[in-house]
There are 2 protein chains.
Amino acid sequence: MSVPVGRSPVMADVARLAGVSHQTVSRVLNGHPNVRAETQARVQSAIEELGYRRNSSARALVTRRTGVIGVVAFDTTHYGPAQTLSGIEHAARADGYFLSVVTLQTVTREAVSEAMDYLAQQSVEGYIVIAPKRAVVEGLADQPAERPVVAVEGGEAPDLPVVCVDQVGGGYLATRHLLDLGHRTVHHIAGPGDWLEAEGRIAGWRRALEEAGAPVPDPLHGDWRPRSGYRIGAQLAEEREATALFVANDQMALGALRALGEAGVRVPDDVSVIGFDDIPESEFFTPPLTTVAQDFSEVGRRGIGLLIDLLEDPTDTVPMTPARSVVPARLVTRVSTAPAPA
Amino acid sequence: MSVPVGRSPVMADVARLAGVSHQTVSRVLNGHPNVRAETQARVQSAIEELGYRRNSSARALVTRRTGVIGVVAFDTTHYGPAQTLSGIEHAARADGYFLSVVTLQTVTREAVSEAMDYLAQQSVEGYIVIAPKRAVVEGLADQPAERPVVAVEGGEAPDLPVVCVDQVGGGYLATRHLLDLGHRTVHHIAGPGDWLEAEGRIAGWRRALEEAGAPVPDPLHGDWRPRSGYRIGAQLAEEREATALFVANDQMALGALRALGEAGVRVPDDVSVIGFDDIPESEFFTPPLTTVAQDFSEVGRRGIGLLIDLLEDPTDTVPMTPARSVVPARLVTRVSTAPAPA
DNA sequence: CTGAAAGCGCTTACAG
DNA sequence: CTGAAAGCGCTTACAG
């Protein structure tokens with residue numbers, strides 16, 4: 001009445017031990033009604049006694065559902081993607097889905113479609129793609145789309161279900177904050193040109209300036225990394241023109257802060273600086289950084305929610321306008337911003 | 001000669017189109033020898049024409065191999081785990097494995113075994129567990145171990161294959177560097193008591209001090225976050241005793257730097273500070289931080305390598321002493337350390 | 001409420 | 001070099 005050594009127990013083993021057919025075991029496992037309570041109990045204890053675990057491959061073969069969601073993420077030293085991935089993972093698990101992850105070094109269309117291909121080999125049911133660049137999002141929309149795809153964390157994108165933080169609103173918030181402090185205008189250290197987040201933040205910054213009738217200086221593009229912020233910060237310090245600086249992420253803000261400090265420019269007395277992301281370090285920068293916080297976990301949660309809706313939607317009709325969910329950004333005021341110098 | 005609409009092509013469809021049996025298609029797909037070149041070409045083009053993709057569940061059912069590796073990771077705002085995960089992912093993909101990831105909020109034995117249970121439902125072939133706490137590693141070693149497990153990124157652990165950075169060596173390196181600079185002793189802001197990394201760094205620090213016959217102050221425990229470094233830094237600044245400070249990670253070092261700065265203690269003139277991790281920000285701290293770099297990607301790579309060896313080892317014998325791989329740490333000298341004040 | 005039958009889409013011996 | 005047969009471990013109608 002026991003299982004041969006060296007082989008994991010299968011449903012038939014449980015059935016034999018419980019004195020029922022394997023179909024009844026299946027019913028118990030799947031929570032079907034129409035199983036006598038007493039039978040169910042017998043099956044349950046047989047399952048426990050044997051340490052039986054259902055063979056997921058066999059199940060997937062017949063149900064045509066693997067329960068696996070493919071995630072294409074990016075290998076960055078950035079704070080956001082890791083947080084987003086974590087939000088995605090928790091939400092997926094809460095709904096009983098598994099996550100298969102591919103992380104990319106380079107953010108290109110080709111790399112993304114290769115990653116999706118790889119995941120397709122594993123029969124994922126749908127995809128979440130962390131798609132921060134315009135080209136990638138557009139490449140995604142072009143794809144034949146055998147399975148649902150949700151883009152996450154870039155900016156808003158056409159023709160694709162998307163979850164993102166309100167980058168435009170965040171950029172607006174940051175700039176507005178500085179203008180309200182009496183600054184004549186706000187200079188901007190932007191992210192790389194093809195990043196949706198960079199574009200959104202520029203748009204918000206520009207809108208706030210235009211609304212206030214303030215001059216709109218050329219945005220200066222960094223590469224998200226501290227060093228680029230340092231370089232541009234040094235340049236701005238030399239020009240001695242800016243009194244307010246909106247930097248598109250906290251890492252570049254850190255570099256800028258350092259360059260300003262080295263040039264003898266006091267923050268916030270001479271120049272106010274605001275960042276974006278609210279990384280854990282930013283509170284302890286010199287000085288503590290005013291910044292814009294993004295709720296990455298919420299983005300992950302909503303992304304999974306959207307995808308699962310798509311996967312489980314019984315109607316199977318593609319809506320004319322894809323779903324879209326925008327998470328608001330939030331201003332975090334600290335020490336690095338102050339009223340404009342007299 | 002084509003596939004009914006609404007159904008993905010199966011092997012039989014390819015076979016029909018190529019005019020062979022489905023077994024021959026299988027042979028081509030699996031790269032078996034003994035297929036005529038011409039037959040192979042016909043099959044290949046049928047595959048392409050139909051856009052056929054092998055059903056992974058059916059394959060796994062018969063081969064008893066899913067090609068999936070389960071990863072238990074931690075949801076931290078830390079730099080290391082994300083980098084490690086990325087290293088794991090690249091290595092796994094290079095070897096044709098898939099990664100199913102669970103991220104944990106809390107690092108407890110229970111959470112880890114729950115996560116492994118969840119992954120077992122998906123029939124993972126083995127596990128990589130990022131296990132930074134002693135209790136977790138010990139819990140892992142206790143488990144019945146139906147499938148191979150490799151622990152990664154904690155310290156060295158008994159009874160379990162492990163890949164980690166040489167934390168003891170790193171702590172030694174940091175402390176030695178400060179002693180060589182002429183400091184009488186080195187104070188230590190440590191990580192939380194139950195973390196293996198914290199323990200290893202303390203051990204290395206202690207060894208260097210003892211070797212040099214220097215006094216060994218009590219280590220002061222933070223929680224890895226900047227705020228705890230700030231708190232302890234403020235306390236040390238008040239005591240005015242330390243001239244050299246080894247902080248167990250860069251985030252706490254950032255907090256300490258800030259506390260010292262606020263107290264009017266100059267770094268490195270009055271106090272030298274060294275961190276651990278070499279996060280991208282540390283180069284732009286005030287002042288740029290001397291620190292100890294860990295090659296997280298290498299840890300991930302070796303972890304996967306070890307696990308795959310275990311999975312593919314034909315002998316199937318468990319060695320008496322589990323494999324163990326230690327990645328060296330590396331000193332990165334910047335501005336925050338200097339000779340002891342006269 | 002429960003069981004006997006069929007079949008999901010592959011791979012693996014076994015013939016030839 | 002290639003095909004007919006069996007079987008992996010489940011779920012899903014279909015009977016009863």
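In the model, A:Asp117 has no side-chain atom that pairs as donor or acceptor with a side-chain atom of A:Ser113 under 3.5 Å. A side-chain donor-acceptor contact under 3.5 Å links B:Arg54 and B:Asn30. Inspection of the B:Ser100 and B:Gln122 side chains reveals an N or O donor paired with an N or O acceptor under 3.5 Å. Between the side chains of B:Ser123 and B:Thr66, no donor-acceptor pair of N or O atoms lies under 3.5 Å.
Remark: the backbone N or O of A:Gly80 is paired with a side-chain donor or acceptor of A:Thr84 at under 3.5 angstrom. Not a single donor-acceptor pair under 3.5 Å links the side chain of B:Thr24 to the backbone N or O of B:Val20. Judged purely by atom type and a 3.5 angstrom limit, B:Thr63 uses its side chain to pair as donor or acceptor with the backbone of B:Arg65. Judged by distance alone, the side chain of A:His90 and the main-chain N or O of B:Thr103 form a donor-acceptor pair under 3.5 Å.
Between the CG atom of A:Asn30 and the P atom of D:dT12 there is a distance of 7 Å, rounded to whole Å. The separation between A:Met11 atom CE and C:dG7 atom P is 20 Å, rounded to whole Å. Distance NE2 (B:His32) to C1' (C:dC10): 12 Å, rounded to an integer number of Å.
For the OP1/OP2 pair of C:dC8 and a distance below 4.0 Å, the side-chain nitrogens and oxygens of B:Asn55 include no atom meeting the criterion. One finds no side-chain N or O of B:Tyr52 lying less than 4.0 angstrom from the OP1 or OP2 phosphate oxygen of C:dG9.
Going from atom OH of B:Tyr97 over to atom CD1 of B:Ile304 covers 9.0 Å, rounded to the nearest 0.5 Å.
Within residues 56-68 of chain A, the residues having any heavy atom closer than 4.0 Å to DNA chain D are, in order of number, A:Ala58, A:Arg59, A:Leu61, A:Val62, A:Thr63.
For the pair B:Val129/B:Val112, a side-chain contact is recorded, criterion being any heavy-atom separation below 4.5 Å from C-beta on. Between A:Asn55 and A:Val10, every side-chain heavy-atom pair lies at or beyond the 4.5 Å cut-off.
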Between the protein and nucleotides 1-5 of chain C, are there any N/O to N/O pairs under 3.5 Å, and if so, what are the atom names and distances?
residue : atom : partner : partner atom : Å
C:dC1   : OP2  : A:Asn34 : OD1          : 3.2
C:dT2   : OP1  : A:Arg36 : NE           : 3.3
C:dT2   : OP1  : A:Arg36 : NH2          : 3.4
C:dT2   : OP1  : A:Thr39 : OG1          : 2.4
C:dT2   : OP2  : A:Arg36 : N            : 2.9
C:dG3   : OP2  : A:Ser21 : N            : 3.0
C:dG3   : OP2  : A:Ser21 : OG           : 3.0
C:dG3   : OP2  : A:Thr24 : OG1          : 2.8
C:dG3   : N7   : A:Arg27 : NH1          : 3.4
C:dG3   : N7   : A:Arg27 : NH2          : 3.3
C:dG3   : O6   : A:Arg27 : NH2          : 2.4
C:dA4   : N7   : A:Gln23 : NE2          : 2.3
C:dA4   : N6   : A:Gln23 : NE2          : 2.7
C:dA5   : N6   : A:Gln23 : NE2          : 2.7

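Taking a pair as Watson-Crick or G-U with both hydrogen-bonding distances under 3.5 Å, the stems of three or more pairs touching DNA chain D are C:1-3 with D:14-16, C:5-12 with D:5-12, C:14-16 with D:1-3.
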